[in-house]
Amino acid sequence: MNSKEFKSGQVIFKQGDSELCMYDIQKGRVGIYSEYGTPAEKLIAELSIGEVVGDRGLLERTPRSATAVALEDDTILMEIREENLKDYFLKEPEKLLLLMRNLSDRLRKINGKLADVCRKIYEAENA
Amino acid sequence: MGVKTFSRGDIIFRQGDPGDCMFDIQSGAVDIYVNFGGTNEKKIAGLSAGDLFGEMSLIDYSPRSATAVVSADDTEIRDISKDEFVAFFKKEPIKIINLLQQMCDRVTKTTQDYLEACRTLYERQETGAEKDADLQARIRKFSNLHKDFDSRVNA
């Protein structure tokens, strides 16, 4: 597993990019921004040591939904790719349940949205 | 992480029950049903040795979303509580990684279905009377899916 170091203000990944990895914050802080670098830029979250960023890109293979930027010098991230998952979780098993819980939340939400649209389609056909 | 032996017809858990542990089939077979015993009973999975089930309740304490029924005599099942989860993972990491992968696949597939359903709803509203065969098929698919969702909620 690679370790990457970032300076304050350095972009870790950009909204829209496709990247099959996630990052575990070893040191420092990471800001998550929507529309980074535009007048509509908005800080939506600040993450620090022990938190994971970019898990959807790795696990669900979706493009990055936001931009991640290092908020201080000496921000160190551990890069985790698919082939590292087993070793990563053996090292940090409590993160496994956390990630699974995030996944189950997302599944529940998207299922709810799907059920909603299906109902609308059914009701439109059977009006 | 005890192993228990079950007979055909035994119910491991029922849809709607509270639950907080998952199960690992050592031998035998378990079938998973929604609306078990009701008029719209539907078998959604047939599991055997090596398969895990019941993990959602362990992960987020949600009530059981289906009923698990033993389908072969002398079926041996290990139960795993939340406290035992990490130890189980260390013992069988591949099973858990596969489970994680299955969960990811479900999110991905459900997202794709959702996007297709949105597109279908939009196209239906835009095309009026002349719907092509593809659109009609998709309308049927999602209308049927609605009935599926509905029957699970109103079980």
Side-chain angles (χ1 to χ4, degrees), chain A residues 1 16 18-22 24 50 52 54-65 80-127, chain B residues 22 55-62 65 82-83 85-91 93-125 131 135-136 138-150 152-153:
Chain A
M1 285 177 273
S18 283
E19 233 192 349
L20 298 178
C21 66
M22 65 185 194
D24 183 309
V52 171
D55 50 295
R56 293 186 63 197
L58 173 62
L59 300 179
E60 297 165 48
R61 293 155 196 255
T62 55
R64 301 299 191 192
S65 58
I80 297 128
R81 303 196 156 262
E82 198 171 335
E83 59 268 21
N84 307 133
L85 276 174
K86 188 171 90 145
D87 289 337
Y88 171 67
F89 289 129
L90 283 170
K91 202 165 167 294
E92 312 236 22
E94 66 293 344
K95 303 240 167 109
L96 179 53
L97 266 176
L98 182 64
L99 278 175
M100 283 180 151
R101 190 164 317 125
N102 289 347
L103 268 172
S104 87
D105 278 349
R106 289 204 288 270
L107 184 58
R108 192 180 314 281
K109 283 197 179 103
I110 194 70
N111 236 10
K113 282 167 125 162
L114 176 59
D116 223 36
V117 180
C118 287
R119 183 178 45 81
K120 287 185 171 127
I121 291 170
Y122 178 83
E123 284 173 358
E125 283 300 296
N126 295 279
Chain B
M22 72 182 209
E55 70 282 357
M56 293 309 285
S57 294
L58 182 152
I59 290 166
D60 62 15
Y61 306 112
S62 52
S65 58
K82 195 164 187 138
D83 290 340
F85 183 81
V86 171
F88 179 72
F89 168 65
K90 288 181 179 170
K91 199 167 167 301
I94 305 293
K95 275 192 187 173
I96 298 297
I97 296 290
N98 285 344
L99 179 62
L100 181 66
Q101 188 60 62
Q102 278 169 44
M103 291 174 72
C104 295
D105 289 347
R106 283 210 291 271
V107 176
T108 302
K109 179 171 191 307
T110 308
T111 304
Q112 279 167 3
D113 283 348
Y114 169 68
L115 293 172
E116 196 191 350
C118 288
R119 186 164 57 89
T120 302
L121 181 62
Y122 174 78
E123 285 175 14
R124 192 201 166 277
Q125 284 162 349
K131 297 171 198 144
L135 178 57
Q136 284 180 46
R138 283 185 280 125
I139 289 169
R140 265 198 308 276
K141 168 178 161 180
F142 293 113
S143 294
N144 287 336
L145 192 51
H146 162 73
K147 284 190 255 179
D148 231 11
F149 274 120
D150 212 33
R152 291 196 197 201
V153 167

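A note on names: the letters A, B, ... follow the listed sequences, proteins ahead of strands, and every chain is numbered from 1.
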Name the option with the most non-hydrogen atom pairs under 4.5 Å to chain A; the candidates are [options].
options                      : result
B:Val86, B:Leu121, B:Leu145  : B:Leu121
B:Met103, B:Lys141, B:Gln101 : B:Met103
B:Arg124, B:Lys90, B:Glu55   : B:Arg124
B:Leu100, B:Asn144, B:Leu115 : B:Leu100

Donor-acceptor contact below 3.5 Å, side chain [X] vs main chain [Y]:
X        : Y        : value
B:Asp150 : B:His146 : no
A:Asp87  : A:Asn84  : no
B:Ser143 : B:Arg140 : no
B:Gln136 : B:Lys131 : yes
A:Arg64  : A:Gly54  : yes
A:Arg101 : B:Asp60  : no
B:Ser57  : B:Ser62  : yes

*Picking from A:Leu97, A:Leu85, A:Asp116, A:Leu99, which has the most non-hydrogen pairs under 4.5 angstrom with chain B?*
A:Leu97

_I need the residue from A:Glu60, A:Glu125, A:Arg106, A:Arg119 with the largest number of non-hydrogen atom pairs under 4.5 Å to chain B._
A:Glu125

_Looking at B:Lys95, I want to see if its NZ is surrounded by more than 12 non-hydrogen atoms of other residues, nucleotides or ligands under 6.0 Å._
yes

*Over 12 non-hydrogen atoms of neighbours within 6.0 angstrom of NZ in A:Lys86*: no

Given that the side chain runs from C-beta out, which part of [X] has a heavy atom under 4.5 Å from chain B: side chain, backbone, both or neither?
X       : result
A:Arg61 : neither
A:Leu96 : side chain
A:Glu82 : side chain

Region of [X] in contact with chain A, defined by heavy-atom distances below 4.5 Å:
X        : answer
B:Lys147 : side chain
B:Arg106 : both
B:Ile96  : both
B:Thr111 : both
B:Glu116 : neither
B:Ile97  : side chain

_For the residue pair B:Gln102 / B:Asn98, report whether a side-chain donor-acceptor contact shorter than 3.5 Å exists._
no

